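Below is one structure, written out as structure tokens; the observations come after it.
Per chain, numbering begins at 1; letters A, B, ... match sequence-line order. All values derive from a computational prediction rather than experimental measurement.
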Amino acid sequence: MTAPALTNNGATARARPRGSADGRLMPVLLLLPGIIVLVAVIGFPMLYSLYLSLTNFTLTTARNFHFVGLEQYITLAQDPIFWQAFGRTVLFMTLAVNIEFAIGLVIAQMMAKAIRGRGGLRTILMMPMMFAPILVGFMFKWVFNAEVGLVNSFLSTITGQIVTIPWLIQVPLGFISLLVAEIWMSTPFMVIILEAGILSLPTEPFEAAEVDGASGWQKFRMLTLPMIMPFIYTAMAIRSLDLARAYDVVRIMTNGGPGNRTELIWTYVNTLAFQRQNYALGSAMSYVTVVISFLFTWYLFRNVMKSRWEGK
Amino acid sequence: MSEEKKISRRNFLRIGGLVGGAAALAACAQPAAPAAQAPAATTAPAAEPTKAPEAKPAGVTVKVHAISGGSYDELYKIIPEWEAKTGNKAEFVFKGNGFETDKRLVQDFAAGTVDYDVCWDHSSFFSQYVKADGLEPLEGYWTAEELKDFIPRLVDATRTDGHLWVMPRHYDISCTHFRTDLGDYKAPETWDQFKEQALKMTDAGAGVYGTQFAGKEEALTGRFYEVMTAEGGQLFNDKWESTINSPAGVKAATMFADLYKAKAMPAEMTNFLWEDVAKNFANGLIGQYTEWFGWYGFFQDPANSKVAEKFDLARQPKGDGNIHSGWAGHHGFSITKAAKEKLGAADLIKHLTSVEGNRVEGKTGILVSRQSVWEELIKEAESSSRPLDKKRLELALLEAQEDFKTPPLIAEWLPMSNVFYPIMQKIILGDVTAQAGLDDAAAQINKLMKDAGY
């Protein structure tokens, strides 16, 4: 039996010659089941969809399709609806994340100060998160219905006139309606993460600031905000990724319409791949979207890591 | 920390290189398949039934993939009778609504995973299955004598490429519904009159819109199609080039846009599908509109409808082409090419589309496919206290015999519709002019058809 060897950072390592075949194979063998599963459920479908995006595959030509190179990507680049959907998704994501963050931070700050009833309030706040997004879509479709919707009924009551604003049809009301539904559904998530961050902060810096005569706003701006930055980035990263693949609520409320007025990336992928049965073009668009999402995630996580180091 | 990062990046690049290489190899490995053959025009000579096989199967299990729900299931109640008579068995391997059933069929035919003998079919959908080589031609299983009783236009609507593909079970066709309690309004005979009357019927104070249309998906494309064809237009010319932007197309699209702009249609119309428009009419919000006959029972039920006994039905208006609109479709059954029990499948379909089967469906208010059963149904309706009951049946039969018009019998109908309807919505909402929108639609449809091998 050999004594455990010490690595250069002081941790113990297994007593095994580094260069032996056994030493090299063991980690590979241990990782193999995981690698096989990943290749089967992620790698293969992704490669296959990449391959499909280079063909002219449609459901009705499933047995008679051929390689067309980058034709689908060129078609996509020339499609104005794609670029509009892309821009709208970025705008949707930016507005939703920032509004959710602003509302979430205010509520989290207030809840962190509350002495009694915090638990009950937190439970009530979490309720929107308990609904399936598809149900939230149906609910807000009714809320914004022109003839019998809650919003128009309310406006009719206070104005004394019949109000039939087509919320889901007009520009930019359709987009705003989707935004309201998404914010309603997901702000509680922001609240919970940010409140956890605020409650985890050490009390000493705040006590010292108090002694120095700092105002509430100064304490918030100079202490709370920088110290919860990792939480903010984490919450925003998760929500951004969520919003980049926003589909359920939009599918039910407007399905990207009318006339592509509220088209987002994933509703358009659905239109191309499943409604027009053009799987090749749908795959090409999915690939472009996934690459963009990947870059965005990398950027966000880089900032999360950076803020964590800065926090330390 | 930095060392770990370096290794990780190198590994990442290595894996990335492998993945990219594999993808490139996979992409290049597939030999280029020949381009899709342009299908023959739907005007190919119709298949004449040959002599039907005489041997009747016994003791076999016929697997069925079919539509289900509501009145569709009534017909399946006669299956035990067939099982007792023949010694065969029918086993449902899938039941779902029309869209689910179609989706499964398209996927099964594409993947080659068909393990059933009989499948539900529809005049708007079957061309996809034919193109995917999923169906068995039926002319070898039905004699001319056996087909004689079916409404000819229904049978003709499933003949393409020189073959017969679907046996019709029942159908539905557009029909003008108009309120009789709003004033002295008559059935519009032309689409121009329809538009004029819709504008007159609109009464914002009373919450009544002159008309409406289902405003998305195939529902909108189909309504546009039937108005355009009545105006003398066609979707394609002989070379399968889109002619949707013809003057007839522009006139039809302009009618929709004008009615919307004049607020003669609900503002949310572009979000409506079949159930929405039917509910609006039943709630008394609509003066006149084009609807399927199938909703008649719902409209005449005072428990659900405010317009019970307060509306009339009329043949669809004509257009400048002097043709009545008549967008129609029928449900039926087909035999799959992969069927193991083709004779048993044919025998089951004959039972389901028999006089007896039609009688069962006819009693539920569905429009059936056999002319002999129509005579019985109309005779029965003479004793009804509501004269419209009989008129409805006579009108439905007349329209089936003279106006029954399916969309083009091509696999690309639904994808084409999905390209077209968002553009039509833009025209209705005033985002583009009718001419500009239809020009764009024609260009996109031409690309779709070219990609499909036409």
Side-chain angles (χ1 to χ4, degrees), chain A residues 8-9 39 43-44 46-48 50-69 71-72 75 79 81 141 144-149 162 164-171 174 253-261 263 271-272 274-281, chain B residues 19-20 22-24 26-37 103 106-107 109-112 127-129 131-133 204-205 207 215-217 266-271 280 283 285 411-412 414-419 421-429 431-432 437 447-448 451-453:
Chain A
N8 55 1
N9 60 0
V39 167
F44 175 72
M46 283 193 78
L47 278 179
Y48 190 67
L50 177 68
Y51 167 61
L52 281 187
S53 74
L54 301 169
T55 69
N56 65 342
F57 182 94
T58 67
L59 265 186
T60 50
T61 58
R63 293 182 187 180
N64 189 18
F65 64 98
H66 58 273
F67 183 72
V68 295
E71 196 181 301
Q72 306 295 358
T75 303
D79 181 358
I81 310 289
K141 190 176 181 183
F144 288 112
N145 184 288
E147 303 290 337
V148 293
I162 298 173
T164 55
I165 299 169
W167 289 93
L168 299 174
I169 306 293
Q170 281 182 358
V171 179
M253 286 176 72
T254 63
N255 197 20
N260 306 111
R261 282 177 171 187
E263 203 80 79
T271 299
L272 295 179
F274 300 106
Q275 292 191 335
R276 298 187 191 172
Q277 299 181 2
N278 192 338
Y279 276 39
L281 194 56
Chain B
V19 168
C28 299
Q30 175 81 7
Q37 293 287 311
K103 203 173 166 186
V106 169
Q107 287 170 354
F109 289 135
S127 302
Q128 303 172 92
Y129 318 146
K131 191 169 182 182
D133 200 22
K216 61 181 178 182
E217 300 171 15
E268 273 198 322
M269 169 250 171
T270 48
N271 265 352
N280 283 346
N283 285 332
L285 301 175
E412 288 69 29
L414 287 180
M416 191 208 90
S417 163
N418 288 324
V419 165
Y421 88 80
I423 299 173
M424 186 62 199
Q425 287 181 325
K426 287 180 187 172
I427 295 171
I428 292 171
L429 296 169
D431 290 355
V432 290
K447 184 177 182 320
L448 185 144
D451 290 348

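- Note that the CG atom of B:N271 and the CD1 atom of A:I169 stand 4.0 Å from one another [nearest 0.5 Å].
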Might you work through the side-chain contact (heavy atoms from CB on, under 4.5 Å) test for B:D451 and A:N56, ending with a clear yes or no? CA-CA 8 Å; B:D451 290 348; A:N56 65 342; over 6 Å; no
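- Remark: B:D133 engages B:K337 in a salt bridge (Lys or Arg N to Asp or Glu O under 4.0 Å) (not counting sequence neighbours).
- At a 4.5 Å heavy-atom cutoff, A:T55 makes no contact with chain B through either its backbone or its side chain.
- Neither the backbone nor the side chain of B:I423 comes within contact range of chain A; no heavy atom of the residue lies under 4.5 Å from a heavy atom of that chain.
- Using a 4.5 Å cut-off between heavy atoms, B:Y421 touches chain A through its side chain atoms alone.
- In this structure, the side chain of A:Q275 does not engage the main chain of B:N418 through any donor-acceptor pair within 3.5 Å.
- Heavy atoms closer than 4.5 Å to chain B are found in the backbone of A:F144, but not in its side chain.
- The residue from A:I81, A:N255, A:N260 that alone fulfils the side chain to side chain contact (heavy atoms under 4.5 Å, CB included) condition with B:P422 is A:N260.
- Using a 4.5 Å heavy-atom threshold, the side chains of A:R261 and B:D431 count as touching.
- Comparing A:E147, A:K141, A:E263 by heavy-atom pairs within less than 4.5 Å of chain B, the highest count is held by A:E147.
- Legend: residues meeting salt bridge (Lys or Arg N to Asp or Glu O under 4.0 Å) with B:K103, ordered by chain and number and at least two apart, are absent.
- In terms of heavy-atom pairs under 4.5 Å with chain A, the best-connected choice from B:Q425, B:K216, B:K426, B:E268 is B:E268.
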